[in-house]
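I have placed the structure first, in the form of structure tokens, so that the comments after it can refer back to it.
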There are 2 protein chains.
Amino acid sequence: MDLATLMYVSYRAMDERVLTAMRAAGYDITAAQSRIAQRIDDEGSRLTDLAERAQVTKQTASQLVVALERQGLVERVPDPADGRARLIRFTERGRAAAQEAMQVVIGVEQEWAEHLGPRMTAQLRAALARLREVTDPYA
Amino acid sequence: MDLATLMYVSYRAMDERVLTAMRAAGYDITAAQSRIAQRIDDEGSRLTDLAERAQVTKQTASQLVVALERQGLVERVPDPADGRARLIRFTERGRAAAQEAMQVVIGVEQEWAEHLGPRMTAQLRAALARLREVTDPYA
DNA sequence: TATAATGGTCAGGGATACTGACCATATTGG
DNA sequence: CCAATATGGTCAGTATCCCTGACCATTATA
């Protein structure tokens with residue numbers, strides 16, 4: 001099995017775990033919404049930036065933000081620095097959700113670390129970080 | 001950045017490379033179609049098995065197979081062992097496409113290996129394979 | 001100040017993937 | 001041996017994702 005497929009398998013497993021946990025916690029969120037939400041800065045982010053970071057068009061990003069907004073997880077406020085722009089930022093509820101999701105990620109990573117052992121875990125992280133240098137267009 | 005997201009970044013880069021190359025070679029294939037096609041055995045596979053391996057419903061798998069069939073990449077033949085089932089297998093053109101895709105994957109992996117060096121590449125593969133033991137429901 | 005660039009939205013469409021209902025063939029328990 | 005159940009697939013309908021193209025408002029630039 002090639003490296004990319006191996007990565008996909010585990011990525012997908014994580015995704016599944018996080019979404020299941022979030023649904024159990026009462027958040028009706030999807031994978032794509034989560035990928036956008038993960039990229040919102042604490043001070044708020046512009047749609048264009050979110051789109052670029054998530055590697056989707058701004059139209060797609062906009063749609064996902066609308067969905068997050070409908071669930072009361074984010075809000076859009078005017079950007080004081082630019083009359084055209086609006087800042088997307090977490091609501092209280094959104095921040096709580098983000099933290100909850102992060103807890104799940106940390107938990108799953110701990111499970112993984114237990115299975116791999118500390119040495120292999122460190123090697124995995126180092127290799128992936130290094131690989132990112134040539135695979136992440138927005139690094 | 002968490003491990004799963006790091007994996008997603010590189011997985012996605014590979015995906016992009018393969019699809020771009022395939023389109024350049026005249027195959028009008030999508031990522032989802034490719035994920036199904038990758039799982040077709042040389043002797044042919046049943047829809048249900050493909051669906052399970054790709055972790056989608058059989059309805060979704062069926063739809064993707066139809067798309068591959070329309071492009072002349074796969075064909076469906078009755079399964080001699082079971083009157084209900086049909087075997088999905090590559091056509092000549094499909095086999096050629098699969099090989100072409102494999103070449104691209106190998107090429108990209110070589111690029112990655114050059115960036116990481118042989119030691120880190122081996123560590124990455126070993127760690128991912130090990131991780132798969134706890135993340136792949138159909139391993 | 002006219003032109004171009006940037007931040008976003010609206011409209012429309014194709015692909016992906018799901019649930020639910022259903023049919024045909026195989027398998028199994030009585 | 002046959003009724004009940006399981007399995008392999010299809011059909012229909014729908015939500016989400018993500019795209020292209022067209023467009024508007026504001027900002028930056030020549």
side-chain contact (heavy atoms from CB on, under 4.5 Å) involving Gln38(B) - partner list, sequence neighbours excluded:
Thr5(A), Ser34(B)

Ala13(A): side-chain contact (heavy atoms from CB on, under 4.5 Å) partners, not counting sequence neighbours
Thr135(B)

Is there a path of hydrophobic side-chain contacts, each under 4.5 Å between heavy atoms of I, L, V, M, F, W or Y residues, that connects Ile36(B) with Leu87(B)?
no

Pairwise side-chain contact, Tyr8(A) with Arg35(B), heavy-atom cut-off 4.5 Å (strictly under):
yes

Glu43(B) atom CD: more than 12 heavy-atom contacts under 6.0 Å:
yes

Exactly one candidate in Asp49(A), Leu50(A), Ile88(A) meets side chain to side chain contact (heavy atoms under 4.5 Å, CB included) with Arg39(A); the answer is Leu50(A)

Is there a residue in residues 23-36 of chain B whose heavy atoms reach under 4.0 Å of DNA chain D, and which residues are they?
none

Leu3(A) with Met1(A), same ILVMFWY side-chain cluster at under 4.5 Å
yes

Between which nucleotides of DNA chain C, read 5' to 3', does contact with chain A run, using atoms under 4.0 Å from its heavy atoms?
dA5(C) to dC10(C)

Can you hop from Ile29(A) to Val74(A) via hydrophobic side chains spaced under 4.5 Å?
yes

Evaluation steps, side chain to side chain contact (heavy atoms under 4.5 Å, CB included), between Glu16(B) and Gln55(A):
CA-CA 12 Å; Glu16(B) 210 73 35; Gln55(A) 296 180 49; 5.6 Å; no

Please list every donor-acceptor pair under 3.5 Å in which a side-chain atom of residues 93-108 of chain A meets a protein atom from a residue at least two apart or in another chain.
residue  : atom : partner  : partner atom : Å
Arg93(A) : NE   : Gln71(A) : O            : 3.2
Arg95(A) : NH1  : Asp42(A) : OD1          : 3.4

Considering residues at least two apart in sequence or located in another chain, which fulfil the side-chain contact (heavy atoms from CB on, under 4.5 Å) criterion with Ala113(A)?
Thr121(A)

Please collect all salt bridge (charged side-chain N to carboxylate O under 4.0 Å, His left out) contacts where either partner lies in residues 114-129 of chain B, sequence neighbours excluded, each pair once.
Glu109(B)-Arg125(B)

Compute the bend angle of the helix from dT1(C)-dA30(D) to dG30(C)-dC1(D) from the end axes (five pairs per end), rounded to 10°.
30°

With the threshold set at under 4.0 Å for non-hydrogen atoms, list the residues of residues 68-87 of chain A touching DNA chain C in residue-number order.
Arg76(A), Arg84(A), Ala85(A), Arg86(A)

Calculate the interatomic distance between Gln63(B) atom CD and dA15(D) atom P; express it in whole Å.
16 Å

For the pair Arg53(B) and Asp41(B), evaluate side chain to side chain contact (heavy atoms under 4.5 Å, CB included) and give the outcome as yes or no after the intermediate values.
CA-CA 11 Å; Arg53(B) 290 178 206 163; Asp41(B) 293 328; 3.4 Å; yes

Suppose we screen for ring-ring contact (aromatic ring centres under 6.0 Å, His included). Which residues come up paired with Tyr27(B), at least two apart in sequence or across chains?
none

Using the test side-chain contact (heavy atoms from CB on, under 4.5 Å), find all partners of Ala127(B) that sit at least two apart in sequence or belong to another chain.
Met120(A), Leu124(A)

Quick one, which residues of residues 41-61 of chain A touch DNA chain C with a heavy atom under 4.0 Å?
Arg46(A), Leu47(A), Thr48(A), Lys58(A), Gln59(A)

